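Data first, discussion second: the structure below is written as structure tokens.
Please read these numbers as outputs of a predicted model, since none were measured by experiment.
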Amino acid sequence: MRAMVNDVLWRAAPPALPDSMLDCLTEPASLSLRLQAGGRRFAVSVLSQGEDRVLADEAEALGLPEGQPMYARHVLLTLDDMPVVYARSAARPDCPAWLPVLRRGSRSLGLTLFGELPELDREPLRYGWLADGHPLAAAAARVQPAAGYPARRCRFLLGGSPLLLTELFLPALEDFL
């Protein structure tokens, strides 16, 4: 059943979007670096960090049953103080490889993932449209309400341990592209 959930939500092809949003969504390198390159004031705002629960569409990728404890970091990426991306990084709760990386305060995770860990393995990006009923869409809606959110997800492996990074693109991002 989990594979079916992942196949429905997360696909190899991105959703139909305007070209500027599509280019940003499919950015193969660091999203943080791409946002910084626009010349706007970039910042990471930590919303929460610590124990959380595995979502249904994360379980298989993390190798944990749905609802089990895990470690998560929820952040907003902002441009000129405007939230443009809601992101969740998730790892096993006892993972010695990822916990030090995730406990980084307001430092961008992208800078580490795309420059400081040469032994890192990255799986292909997957894309989705998250709307009503998905817990991350509900969290993003508390920041900027929308009918749905284009999203991307990637699994990284460090020493065989998975980290799942999910990024939801908020409506305000279009104003900066």
Side-chain angles (χ1 to χ4, degrees), residues 1-15 24-28 30-32 44-77 83-104 107-114 117 119-144 146-170 173:
M1 181 90 145
R2 284 189 196 116
M4 187 175 99
V5 169
N6 287 332
D7 288 346
V8 170
L9 287 178
W10 301 103
R11 301 172 184 264
C24 199
L25 185 73
T26 58
E27 170 62 51
S30 168
L31 180 60
S32 294
V44 176
S45 174
V46 178
L47 299 173
S48 67
Q49 183 169 316
E51 186 176 306
D52 207 332
R53 299 288 170 183
V54 176
L55 301 177
D57 63 320
E58 296 173 325
E60 184 179 354
L62 292 171
L64 293 169
E66 178 184 350
Q68 287 296 301
M70 56 150 229
Y71 190 90
R73 179 177 183 247
H74 297 256
V75 302
L76 291 174
L77 305 183
V84 295
V85 175
Y86 176 92
R88 171 179 164 109
S89 307
R92 297 176 75 88
D94 56 352
C95 182
W98 288 114
L99 291 182
V101 174
L102 292 175
R103 292 178 179 146
R104 59 193 308 99
R107 186 161 180 256
S108 169
L109 180 62
L111 301 178
T112 298
L113 295 176
F114 291 92
L117 300 171
E119 67 279 13
L120 183 70
D121 289 321
R122 180 184 185 198
E123 294 181 354
L125 284 167
R126 304 287 291 176
Y127 306 97
W129 182 265
L130 302 185
D132 290 344
H134 195 283
L136 296 183
R142 288 191 289 275
V143 177
Q144 279 181 25
Y149 302 89
R152 67 185 205 166
R153 174 173 278 176
C154 191
R155 189 170 90 141
F156 297 86
L157 297 169
L158 185 59
S161 297
L163 170 82
L164 195 60
L165 173 60
T166 306
E167 297 161 317
L168 285 71
F169 290 64
L170 303 176
L173 179 59

Query raised in the report: What do the steps show when you test L102 against Q49 for side chain to side chain contact (heavy atoms under 4.5 Å, CB included), and what is the final call?
Result: CA-CA 8 Å; L102 292 175; Q49 183 169 316; 5.7 Å; no
Report summary line: Closest non-hydrogen contact found for P93 with M70 is CD-CA, 3.8 Å
Report task. For the residue pair L62 and Q68, establish whether any side-chain heavy-atom pair is separated by less than 4.5 Å. Result -> no
**Report entry** salt bridge (Lys or Arg N to Asp or Glu O under 4.0 Å) involving R107 - partner list, sequence neighbours excluded
**Finding:** E116
Query raised in the report: If you count the non-hydrogen atoms of other residues, nucleotides and ligands that lie under 6.0 Å from CG in D94, is the total more than 12?
Result: yes
Query raised in the report: Could you give the distance from CG (L163) to OH (Y71), rounded to the nearest 0.5 Å?
Result: 11.5 Å
Query raised in the report: R152 side chain to L25 main-chain N or O, any donor-acceptor pair under 3.5 Å?
Result: yes
Report task. For the residue pair L77 and V44, establish whether any side-chain heavy-atom pair is separated by less than 4.5 Å. Result -> yes
Query raised in the report: When the ring planes of F114 and F156 are compared, do they come out parallel, tilted or perpendicular, using 30° and 60° as the limits?
Result: perpendicular
Query raised in the report: Minimum heavy-atom separation for Y149 to A141, with atom names?
Result: OH-CA, 3.0 Å
Report summary line: side-chain contact (heavy atoms from CB on, under 4.5 Å) with L157: of R122, E123, E119, only one passes, and it is E123
Query raised in the report: Got a second to check how far E167's CD is from S32's OG, nearest 0.5 Å?
Result: 7.5 Å
Report summary line: CG of L158 to SG of C95, rounded to nearest 0.5 Å, is 7.5 Å
Report summary line: Closest non-hydrogen contact found for A61 with P162 is O-CB, 3.6 Å
Query raised in the report: Between W10 and L130, is any pair of side-chain heavy atoms under 4.5 Å apart?
Result: yes
Report task. Taking the side chain as every heavy atom from C-beta outward, state whether P65 and V54 have any pair of such atoms under 4.5 Å apart. Result -> no
Query raised in the report: Would a distance-only check, ignoring hydrogens and angles, find a side-chain to backbone donor-acceptor pair under 3.5 Å from Q144 to P83?
Result: yes
**Report entry** R126 vs C154 side-chain heavy atoms within contact, under 4.5 Å
**Finding:** no
Query - Heavy-atom closest pair, residues E66 and L55 - result: CG-C, 4.2 Å
Query raised in the report: Can you check whether L113 reaches L165 side chain to side chain, under 4.5 Å on heavy atoms?
Result: yes
**Report entry** Closest non-hydrogen atom pair between T26 and L125, with its separation
**Finding:** O-CD1, 4.4 Å
Query raised in the report: How about P150 and Y127: do any of their side-chain heavy atoms sit closer than 4.5 Å?
Result: no
**Report entry** Any L109 side-chain heavy atom under 4.5 Å of R104 side chain
**Finding:** yes
Query - Geometric cation-pi criterion, R142 with Y86: 6.0 Å, 45° - result: no
Query - Nearest heavy atoms of A72 and H74, plus distance in Å - result: CB-NE2, 3.9 Å
Report task. Determine, step by step, whether R153 and E58 satisfy the side chain to side chain contact (heavy atoms under 4.5 Å, CB included) criterion, reporting the C-alpha distance in whole Å, the side-chain angles of both residues, the deciding distance to 0.1 Å, and the verdict. Result -> CA-CA 10 Å; R153 174 173 278 176; E58 296 173 325; 3.7 Å; yes
Query raised in the report: What distance do L64 atom CG and R53 atom CZ have between them, rounded to the nearest 0.5 Å?
Result: 11.0 Å
